[in-house]
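Contents: one structure, followed by commentary.
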Amino acid sequence: MSNFVNPSTFLKSVLHNGTGRYVCQLQRITFKFSKTHGGSNGLRDYIEKELMNFVKSNPGVVVYLQPRRIGPPSATAEYLNGETHYHSFPKYRCEDIVKWVESLRTRSGFPISRFIKNIHTDSPSVQGVWTPFTHKPTSWNVTEFPNEELSKAETFFPCATEQLLEISKQFENVSVDDEDDKKNTPVKLSN
């Protein structure tokens, strides 16, 4: 399809619907059908078999049935934002109408359009893009790399090997006389 048929827009939601409580945007749906014409068989089957399940599961949606003599069977969906969508069901089976009604129920009411981007925010950041050098000292700009001092990994806590070496040094410094006193005292590990 061309861009004139499907306008492009950003991803949007109706008043952040679903952030708190979800509100179905479908306000009312009107089914128009013929009582005798063969093209309305699928919609009549839908009304007889599936419509009561739809009404029970969606109490906030008003359903109107309008029998008529001429014209294809159709559904007109009206949404909370004032948009209406018309869909015709000529010679559709009941299973296909169930899928289309579910599609009309889950839509937001916005016209179908292609997305410019998959991500959009209403409040963009004014701080700029973060990089690994954002909060580093400016003296690094004139430093010649590779640099031994800056190439070392930064560790905040001693690793397990360093802790074991520290414990062994503590035991080496203890004399034989002090070992009897320290057998009953626990060894404190540094964090």
### Task
Go through E166 and L164 one step at a time and tell me if the side chain to side chain contact (heavy atoms under 4.5 Å, CB included) criterion holds.
CA-CA 5 Å; E166 185 181 329; L164 289 175; over 6 Å; no
Are [X] and [Y] in one and the same hydrophobic cluster, where Ile, Leu, Val, Met, Phe, Trp and Tyr link if side-chain heavy atoms are under 4.5 Å apart?
X: V55; Y: L104; value: yes
X: L65; Y: W100; value: yes
X: V98; Y: V101; value: yes

### Query
Got a sec: does the NE2 of H37 have more than 12 other heavy atoms crowding it under 6.0 Å?
no
Min side-chain heavy-atom separation [X]-[Y] under 4.5 Å:
X: L165; Y: E162; value: no
X: F145; Y: L150; value: yes
X: F33; Y: R44; value: yes
X: I112; Y: R107; value: yes
X: F89; Y: D96; value: no
X: T30; Y: V63; value: no
X: C24; Y: R105; value: yes
X: I97; Y: K99; value: no

Closest heavy-atom pair and its distance - [X], [Y]:
X: P90; Y: P72; value: CB-CB, 4.5 Å
X: P111; Y: H85; value: CA-CE1, 4.3 Å
X: V61; Y: R28; value: CG1-CA, 4.3 Å
X: S108; Y: Q25; value: O-CB, 3.7 Å

### Message
Working to the nearest 0.5 angstrom, can you tell me the gap between T36 OG1 and N41 CG?
### Response
10.0 Å
### Query
Do the ring centers of F31 and Y46 come within less than 6.0 Å of each other?
yes
N/O donor-acceptor pairs under 3.5 Å from side chains in residues 134-142, not counting sequence neighbours:
{"from": "T134", "atom 1": "OG1", "to": "T131", "atom 2": "N", "distance (Å)": "2.8"}
{"from": "T134", "atom 1": "OG1", "to": "T131", "atom 2": "O", "distance (Å)": "2.8"}
{"from": "T134", "atom 1": "OG1", "to": "T131", "atom 2": "OG1", "distance (Å)": "3.2"}
{"from": "N141", "atom 1": "ND2", "to": "T138", "atom 2": "O", "distance (Å)": "3.3"}

